[in-house]
Amino acid sequence: QVQLVESGGGLVQAGGSMRLSCAASGRTFSNYAMGWFRQAPGKEREFVAAISRTGGNTYYADSVEGRFTISSDNAKNTVYLQMNSLKPEDTAVYYCAATGPAYSGSYYYPDKYAYWGQGTQVTVSS
């Protein structure tokens, strides 16, 4: 089992920045690709960003490309999502997720992830 705990959400004005953290425990962190998803009220959960097991490859949704950056620190078993130039449409609950060990498929779909955090609310005011 892998346990994921997100932190860093809150309220920010449009144009501002925020960094989310996701601390992982339970298994060897470097065996898992990690992703961030978000879900706004009345909408489906959508892909935001992902990072490969080695950290050598990152992937982003078109809506956040150039504004958000995903990174990982294997020594701290933590993955981060740096969010800049935030917009009101970025308002959502943000979830951290981990794939199964040694996963190498697509990172864009929620059903590819085996473990999920509880989510953290991000609210961007206009």
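What you see is a predicted model, and the numbers here were worked out from it, not measured in a lab.
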Query - Inter-residue atom distance W36.CH2 - M83.CE, 0.5 Å rounding - result: 8.0 Å
Query raised in the report: Do I70 and V79 have side chains that get closer than 4.5 Å, going by heavy atoms?
Result: yes
Requested in this report: Applying side-chain contact (heavy atoms from CB on, under 4.5 Å), run through Y107 and S52 and close with a yes or a no.
Outcome: CA-CA 9 Å; Y107 299 111; S52 62; 3.9 Å; yes
Query raised in the report: When rounded to the nearest 0.5 angstrom, what distance separates CD in E6 from CD in Q121?
Result: 12.0 Å
Report summary line: Rounded to the nearest 0.5 Å, the OG1 atom of T78 sits from the CG atom of L20 at a distance of 12.5 Å
Query - Test side-chain contact (heavy atoms from CB on, under 4.5 Å) applied to R67 and K87, step by step - result: CA-CA 10 Å; R67 299 189 297 123; K87 305 175 181 179; 3.8 Å; yes
**Report entry** Test item: T99 and Y115 side chains (from C-beta on) under 4.5 Å apart, heavy atoms
**Finding:** no
Query raised in the report: Judged by atom type as modelled, is there a donor-acceptor pair below 3.5 Å linking the side chain of S72 to the main-chain atoms of N74?
Result: no
Query - Within 45° cone of Y95 ring axis and under 6.0 Å: R45 NZ or CZ - result: yes
Report task. First locate atom OH of Y113, then atom CG of L4, and finally report the distance between them rounded to the nearest 0.5 Å. Result -> 11.5 Å
Query - Interatomic spacing from CG in N77 to CE in M34 - rounded to 0.5 Å - result: 9.0 Å
Report task. Verify side-chain contact (heavy atoms from CB on, under 4.5 Å) between R38 and V64, making sure each step is shown before the conclusion. Result -> CA-CA 12 Å; R38 65 187 182 187; V64 307; 4.0 Å; yes
Query raised in the report: Does the side chain of V5 reach to within under 4.5 Å of the side chain of C22, using non-hydrogen atoms?
Result: no
Query raised in the report: Under 4.5 Å between any side-chain heavy atoms of F37 and Y94, yes or no?
Result: no
Report task. Return yes if some donor-acceptor pair links the side-chain N/O of T91 with the main-chain N/O of V124 below 3.5 Å, else return no. Result -> yes
Query raised in the report: Going by atom types alone, do N84 and S17 pair a side-chain donor with an acceptor below 3.5 Å?
Result: yes
Query raised in the report: Where is the tightest heavy-atom contact between A14 and P88, given as atom of each residue plus distance?
Result: CB-CD, 4.0 Å
Query raised in the report: Would the number of heavy atoms belonging to other residues, nucleotides or ligands and lying under 6.0 Å from CG of D111 be above 12?
Result: yes
Requested in this report: Check step by step if side-chain contact (heavy atoms from CB on, under 4.5 Å) holds for V48 and Y60.
Outcome: CA-CA 6 Å; V48 175; Y60 296 95; over 6 Å; no
**Report entry** Y80-R19 side chain donor-acceptor pair, cut-off 3.5 Å
**Finding:** no
Query raised in the report: OG1 of T123 to CG of L86: how many Å apart, nearest 0.5 Å?
Result: 11.0 Å
Query raised in the report: Does a side-chain heavy-atom distance below 4.5 Å link W116 with P110?
Result: yes
